[in-house]
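Just so it is clear, the values below take in all heavy atoms, side chains as well, and ignore hydrogens, waters and symmetry mates. Chain naming here is simple, since letters A, B, ... match the order of the sequence lines and numbering starts at 1 in each.
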2 protein chains.
Amino acid sequence: MKLTSKGRYAVMALVDLARFNNINPVSLRDISLRQGISLDYLEQIFSKLRKKEIVQSVRGIQGGYVLNKKANEIKLTNIFDAVDEKVKTVQCKKESKKGCNGKSTKCLTHNLWDELENHINNFFEQKSLEDLIKDNRERRI
Amino acid sequence: MKLTSKGRYAVMALVDLARFNNINPVSLRDISLRQGISLDYLEQIFSKLRKKEIVQSVRGIQGGYVLNKKANEIKLTNIFDAVDEKVKTVQCKKESKKGCNGKSTKCLTHNLWDELENHINNFFEQKSLEDLIKDNRERRI
DNA sequence: ATAAACCTGACTAAAATAGTCAAGTATATA
DNA sequence: TATATACTTGACTATTTTAGTCAGGTTTAT
């Protein structure tokens with residue numbers, strides 16, 4: 001069970017961006033350098049973030065990206081959702097009426113994984129970008 | 001972010017095993033048939049569970065596996081640990097003193113992933129095999 | 001004796017991941 | 001208006017992980 005780097009990078013990049021957001025658009029090149037993430041990869045990630053209206057792009061010289069919402073309105077859920085980082089515990093969710101194992105009932109542990117998904121998603125729904133920034137300020141990293 | 005089927009199967013198989021545990025050893029063949037899990041794969045999984053002393057094996061005809069502890073003493077953590085299902089959020093944990101990104105400081109979101117790991121692990125530490133069995137009895141699956 | 005069941009290690013196909021690469025388009029500024 | 005900066009898009013690929021399979025054992029109740 002692990003987090004993909006696409007999800008991690010998306011959050012890292014947005015925290016970075018949010019810190020400089022007030023003044024000017026932030027270029028991916030700068031984020032790339034500061035955070036040590038490949039520029040090409042960042043572009044893929046921001047393309048998705050833009051489509052989900054989490055950031056806005058500013059083209060041309062001095063361009064870059066800007067947050068499209070307030071930092072406290074952007075939750076981790078939104079970010080992960082944008083880059084297709086999902087919490088998957090069981091396969092059998094959407095496939096017809098069948099349960100897991102190809103049988104007609106739910107598997108013995110179905111409810112468990114449901115609980116787990118909820119548990120994790122709650123965490124993601126509560127944390128906002130603002131929380132992360134505050135957290136960093138306090139720890140002075 | 002997803003659970004591997006090795007982890008899922010391990011838990012499913014143990015719940016199945018625990019339900020029949022009182023009377024006789026339970027053969028992997030039976031579990032395989034009831035849960036729809038490949039016998040060969042189950043053998044790999046139980047080999048690990050045995051090494052971590054979660055189950056005991058009984059060889060020969062009428063053999064099988066038996067729980068090695070009480071169901072309320074076996075937590076999800078123990079099971080996942082046995083089959084190498086770990087919660088991994090960040091790479092940079094054990095590598096020297098360096099932080100993430102190859103820089104000397106922690107990455108902006110390091111603490112976040114730490115929190116997440118704890119959040120998930122708490123869930124796993126609280127749930128025992130007994131809880132799962134009770135849950136199934138109540139729901140009559 | 002033999003069949004049921006555990007035991008072990010090597011192997012592999014398929015999927016997912018983590019990017020790279022190439023070829024653009026838009027625009028602020030000199 | 002030339003041009004460098006920065007966004008935009010889609011295709012491609014190497015590596016790793018996953019989810020098993022396969023082949024050969026060993027043990028022991030009957």
Side-chain angles (χ1 to χ4, degrees), chain A residues 1-10 12-13 17 20 24-52 54-66 68 80 83-91 100-102, chain B residues 1-13 17 20 24-33 35-52 54-66 68 80 83-91 100-102:
Chain A
M1 180 156 223
K2 69 167 194 249
L3 207 65
T4 66
S5 69
K6 192 170 264 178
R8 285 200 303 118
Y9 287 169
M12 281 172 64
L17 185 151
F20 296 89
N24 287 310
V26 180
S27 74
L28 293 189
R29 191 170 162 281
D30 286 355
I31 296 178
S32 165
L33 291 172
R34 280 196 293 258
Q35 302 304 325
I37 305 169
S38 135
L39 179 58
D40 282 316
Y41 205 23
L42 273 179
E43 276 166 354
Q44 280 186 36
I45 292 167
F46 272 76
S47 166
K48 296 184 175 204
L49 293 174
R50 190 174 55 80
K51 279 172 190 153
K52 294 286 183 162
I54 290 169
V55 295
Q56 257 190 338
S57 69
V58 180
R59 299 187 77 150
I61 278 184
Q62 298 287 0
Y65 286 91
V66 184
N68 198 25
F80 281 162
V83 299
D84 301 312
E85 173 88 40
K86 284 169 196 149
V87 179
K88 288 180 203 162
T89 53
V90 181
Q91 274 80 349
C100 331
N101 320 328
Chain B
M1 180 157 220
K2 68 167 195 251
L3 207 66
T4 67
S5 70
K6 191 168 264 178
R8 285 199 303 117
Y9 288 168
V11 177
M12 282 172 62
L17 171 71
F20 295 89
N24 287 311
V26 180
S27 74
L28 293 190
R29 191 170 161 280
D30 287 354
I31 297 178
S32 165
L33 290 172
Q35 303 304 325
I37 304 169
S38 137
L39 179 58
D40 282 317
Y41 204 22
L42 273 179
E43 276 168 355
Q44 278 186 38
I45 292 167
F46 272 76
S47 167
K48 295 183 176 205
L49 292 174
R50 190 175 54 80
K51 279 173 192 153
K52 293 287 181 160
I54 290 169
V55 295
Q56 255 190 340
S57 68
V58 180
R59 300 188 76 151
I61 277 184
Q62 298 287 358
Y65 286 92
V66 183
N68 199 23
F80 282 162
V83 298
D84 301 313
E85 174 88 41
K86 282 168 196 149
V87 179
K88 288 180 201 164
T89 53
V90 181
Q91 274 81 349
C100 330
N101 319 327

Quiz item: Tell me: CD1 of B:I45 to P of D:dT18, nearest whole Å?
Solution: 13 Å

Practice problem: Take nucleotides 8-16 of chain D nucleotide by nucleotide from the 5' end and write B, S or -, depending on whether a protein heavy atom sits under 4.0 Å from the base, only from the sugar-phosphate, or from neither. | Solution: BB-B-----

Quiz item: Who are the side chain to side chain contact (heavy atoms under 4.5 Å, CB included) partners of B:R59, not counting sequence neighbours?
Solution: none

Quiz item: Nearest-Å distance, OH (A:Y41) to P (C:dT17)?
Solution: 9 Å

Exercise. Identify, with sequence neighbours excluded, every residue that meets side chain to side chain donor-acceptor pair (under 3.5 Å) alongside B:S57.
Key: none

Quiz item: For A:K2, which residues count as a side chain to side chain contact (heavy atoms under 4.5 Å, CB included) partner, sequence neighbours excluded?
Solution: B:K88

Practice problem: Would you sort out whether B:V11 and B:F80 count as a side-chain contact (heavy atoms from CB on, under 4.5 Å), showing the intermediate values? | Solution: CA-CA 8 Å; B:V11 177; B:F80 282 162; 3.8 Å; yes

Exercise. Would you kindly give the CG-to-P distance between B:L42 and D:dT21, to the nearest whole Å?
Key: 10 Å

Exercise. Classify the nucleic acid contact of B:V55 as base, sugar-phosphate or nothing, counting any heavy atom under 4.0 Å across all strands shown.
Key: nothing

Quiz prompt | For B:N24, side chain to side chain contact (heavy atoms under 4.5 Å, CB included) partners two or more places apart | solution = none

Practice problem: Verify the contact: side-chain N or O of B:S38 to OP1 or OP2 of D:dA19, cut-off strictly under 4.0 Å; return yes or no. | Solution: no

Self-check item: Nearest-0.5 Å distance, CZ of residue A:F20 to CD1 of residue A:I31
Solution: 9.5 Å

Self-check item: Atom-to-atom span, CZ of A:R29 to P of D:dA4 - whole angstrom
Solution: 15 Å

Quiz prompt | First of A:I61 and B:Q62 reached from the 5' end of DNA chain D, by closest nucleotide | solution = A:I61

Practice problem: Give the rounded distance in Å between these two atoms: CG of A:L3 and P of C:dT17. | Solution: 11 Å

Quiz item: Rounded to whole angstrom units, what separation is found between the NZ atom of A:K88 and the C1' atom of C:dA15?
Solution: 11 Å

Show me the donor-acceptor pairs within less than 3.5 Å that the side chains of residues 36-48 of chain A make with the rest of the protein, sequence neighbours left out.
unit_1, atom_1, unit_2, atom_2, d
A:S38, OG, A:D40, N, 3.3
A:S38, OG, A:Y41, N, 3.1
A:K48, NZ, A:D84, OD2, 3.1

Practice problem: Please state how far atom CG in A:L17 lies from atom C1' in D:dC7, giving the value in whole angstrom units. | Solution: 14 Å

Quiz item: CG of B:L39 versus P of C:dT8: gap in Å, rounded?
Solution: 15 Å

